[in-house]
Amino acid sequence: MATFQDNYCGLTWMTTILVVVGIVLQNSIVTAAPYYGKRIGTLSSYAHRVAGDVYAASDKRLYLTGFTYDGRGPDAFVWMGNTPTGAASSQGQIISADGSSDILGSYSNAVVQVDLPDSTTLADYKWISIWCRRFAANFGELVFPTDPAPVPKSLGTLGFPSPVHGVRADDVIILNNRQIKLVNLDYDGNGPDAYYWAGSGGTPTSSGFALADESRGGSLTKLPRGTALTDVTVTLTVPANRGDIGSIGYVGLWCVAFSQNFGHVVIPSLSELGVPVYDDSPPVTNAPVVTQAPPQANENCQVLIDDTYQVRWSLTDTSAIQISLSARINPGTYMAFGLSGSDTRTLMIGSDVTVAWLDAETGAMPKAVDYHLSAYQQCVTSSGSGACTDELSQPSGSNDVTVGDYSNNNGIITISYTKPLDTGDTNTDKVIPINDDVYVAWSIGPINPSGLAAKHRQQPTSDVPINFGQTGVTCPAFTTGQTEKLEPWVIPTIRGDMTGKTEFRVDIGQAGGQQGYEGITGKPGWGIAWYVDDYIIPVLTLRRGVTYTFIVQGGNEANIQARYHPFYITNDAEGGYIQKTAQETQGVEIYAGPVNGSLCEWRSTGAYNADDFDTFVKYRDAELERVCDDPFKTATLTWTPDENTPNRVYYQCYTHKFLGWKIDIIDNDADTSTMKSGGKGDATTMKPGDDGKGGGQVTQGSKLSIITMVIICMMIFWK
């Protein structure tokens, strides 16, 4: 009989160590060098030690790398223009640098993020300069070459002349530094262990790794056997722990079990490709410069929420107004303020507001955007109805707001902006009066992942009139202290796999503030969410081969979007299928539904705030009541997950994004006796490859176990 030493220590100790090192290195995290986009040139230097290279991350963003400037210019800015001569001149404009439009300080070998105004792209400019406005002095400049903006790069067809398993794609396109598109991909589906595959070098090997398939919710698992692909366009993403496209030399399809290459293309270097930056947001290495102090006692100011939200204003001239919004909020939370939808009271519907916020990741990059609220619902981009930007509204308008200074001190965020009193935009804007009282509307709420305002957390409880022509009105100073961050509620997983439960009741309910949908999912919602068996967005765990029934009451009034929420099951983590463009629906699968039924809704009584409760059950029992239009008019969705169902799918709303959550699918013969509910209602034991991590990953714990085994082998070998 073979002994432990025979089986595991027959190799020399040096060989064993090399094997283990290989395993550990293969599964270690790859840190890619920062990629700032397409290099478009070097700044010339005329004064004040200006130096640096200019990269285009997209047609909306530049990066100055290795940027140096001594900071001694009295009135210097990043300055861009399009004068016919092609050289910098006073006929330019200030461009935001690291989220600020203030006078430049000193820099030494820094990286500076330069964001173009919302209404412009790189094609609207011919040069960039470090410019002193007061003395019309050019400290350094770059005149742009033709077509400076980065664009996706085509690499041509994928597949062998005699296709293996029918693999062929009409084109392979590098979209950005982390994403690749396979256009019109064919594959017969018969590979036993096929993956989308990438790795270093120019030829696929078993040392490569799986790419995330966005059409399957970012899955890293193998392609379902028996499922053929015909003229399918797939977007693949390099996992974050694998760096970016600069870390790989090929992309293709690979059979892991038999080390078989089904077809690949070679990828040039990123510097040669010159593609856009993924998500257009690599980290900014310089802390934002905050020059405006948070407000204290200010003239022309009105308190909207005591010690939480204030608005200040001044008339710059007879044609425009400058407004500063200050609130006790976190980055990623918006402040909305503007004219009411009614001349006689404060009303959100029909209001003309500006929505202002700081970027959630950087705590900088202020935004201020014109909004028109045509209906009490999230923006339906296909119809332009709801809480939409002026540009998305129907009929559409334009963004007439210019963002200015900002600060983020002691938990108080302040953002200033300027807007014409009369924009001339009759579709979405109102004329701002300066001599009489006018009713205003305001709110505070989260920005969703699409960059649009989600449902407010706070709004007026009474009418709010303001006279913008008055002077000498002051506000008290904010007290000091940071905004408290609340932990998400723990929602139990509903286990259709262990208990034999096969029927679920599905209603609409309140999103539950910071601890509810937003805290559980990490995504801002729209104030409502799916409730399953009286719980807000629980994770469901279901078995393949078992038939499940969902009794749905999401509302059947299709002409009133706020009361129409068809329920469906999909691989799309966002939902809102009807809002998506044809391109956005590529790769989205609908496994069951949509169905709706009459509306049953967990409504708020208004007596309490969701953030005042430490558990969902306490909140539900004290604040919510279930109200049904017709409790017997239900819709039934019946679904049987099978071998082709991914390990993770989602239950969603067909008409609105960000209402649903996860369904984890396990095999019918899987042992789940050790599975537990996670801290956020998530199952902690998953099939290999679920949750975008791929199968067979070596974790930190297993790496230590392997190393321990090597030590034991060495001791036995030398014994």
Side-chain angles (χ1 to χ4, degrees), residues 212-221 448-449 488-499 501-502 504-509 511-512 515-526 528-544 546 548 550 552 554 565 567-577 587-594 616 637 639-642 644-654 656-667 670 672 675-695:
D213 178 3
E214 301 302 333
S215 69
R216 295 186 293 147
S219 173
L220 287 161
T221 57
N448 71 27
W489 289 322
V490 176
I491 306 299
T493 297
I494 297 181
R495 306 301 302 275
D497 60 317
M498 291 175 60
T499 62
K501 180 179 177 61
T502 60
F504 308 91
R505 189 181 76 186
V506 183
D507 306 318
I508 287 292
Q515 302 174 98
Y517 183 94
E518 181 180 344
I520 295 167
T521 67
K523 302 175 182 178
W526 181 249
I528 55 176
W530 284 121
Y531 280 39
V532 181
D533 289 350
D534 303 342
Y535 281 91
I536 183 174
I537 57 166
V539 173
L540 309 181
T541 303
L542 310 180
R543 285 185 181 272
R544 290 182 173 86
V546 178
Y548 296 95
F550 297 83
V552 180
H565 310 290
F567 176 88
Y568 72 116
I569 296 173
T570 176
N571 62 347
D572 178 17
E574 285 189 348
Y577 187 89
V588 174
E589 297 286 348
I590 296 178
Y591 304 106
F616 167 74
L637 183 149
W639 179 53
T640 307
D642 58 25
N644 296 318
T645 306
N647 292 344
R648 170 158 292 164
V649 294
Y650 301 85
Y651 56 93
Q652 298 288 10
C653 172
Y654 196 72
H656 301 91
K657 295 181 179 180
F658 310 116
L659 264 67
W661 198 219
K662 304 172 184 176
I663 303 177
D664 290 329
I665 307 298
I666 64 173
D667 288 337
T672 59
M675 293 180 69
K676 301 177 181 179
S677 295
K680 296 185 180 181
D682 197 3
T684 58
T685 302
M686 308 297 298
K687 291 185 66 178
D690 189 52
D691 233 6
K693 295 181 180 178

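- When side chains are defined from C-beta on, Y654 counts as touching I590, because their heavy atoms get closer than 4.5 Å.
- The structure places CD1 of I569 at 10.5 Å from OH of Y651, a figure rounded to the nearest 0.5 Å.
- In this structure, V506 and W530 approach most closely via the heavy-atom pair CG1-CE3, 3.3 Å.
- Between I537 and the options V532, T521, I491, a side chain to side chain contact (heavy atoms under 4.5 Å, CB included) holds for only T521.
- Between Q652 and D572, the closest heavy-atom pair is NE2-O, 3.2 Å.
- For the atom pair CZ of F658 and CD of E518, the computed distance is 12.0 Å after rounding to the nearest 0.5 Å.
- Taking OG1 from T221 and CZ from R648, the interatomic distance works out to 12.0 Å, rounded to the nearest 0.5 Å.
- Using a 4.5 Å cut-off on side-chain heavy atoms (C-beta onward), I494 and K501 make contact.
- The aromatic rings of Y535 and F616 sit tilted relative to each other, their planes meeting at an angle between 30° and 60°.
- The two residues L659 and C653 have their closest heavy-atom pair at CD2-CB, 3.7 Å.
- Between A212 and G218, the shortest heavy-atom contact is CB-O, 3.6 Å.
- Put simply, the residue from D664, I663, V649 that forms a side chain to side chain contact (heavy atoms under 4.5 Å, CB included) with L540 is I663.
- F567 and F550 have tilted rings, their planes meeting at an angle from 30° to 60° on a 0 to 90° scale.
- Rounded to the nearest 0.5 angstrom, D507 CG and I536 CD1 are separated by 12.5 Å.
- To the nearest 0.5 angstrom, N571 atom CG is 8.5 Å from D213 atom CG.
- Using a 4.5 Å heavy-atom cutoff, the side chains of P641 and Y591 are not in contact.
- Nearest heavy-atom pair, G575 versus Y568, reported as atom, atom and distance to 0.1 Å: CA-OH, 3.3 Å.
- When side chains are defined from C-beta on, L542 does not count as touching T645, because their heavy atoms never get closer than 4.5 Å.
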Report task. Evaluate the criterion side chain to side chain donor-acceptor pair (under 3.5 Å) for residue pair N647 and R544; output intermediate values, then yes/no. Result -> CA-CA 10 Å; N647 292 344; R544 290 182 173 86; 2.9 Å; yes
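- When every heavy atom of Y650 is checked against every heavy atom of A573, the shortest pair comes out as CZ-CB, 3.7 Å.
- The aromatic rings of H565 and H656 sit tilted, their planes meeting at an angle between 30° and 60°.
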Exercise. Could you go through the side chain to side chain contact (heavy atoms under 4.5 Å, CB included) check for T570 and Y577 one step at a time?
Key: CA-CA 9 Å; T570 176; Y577 187 89; 6.0 Å; no
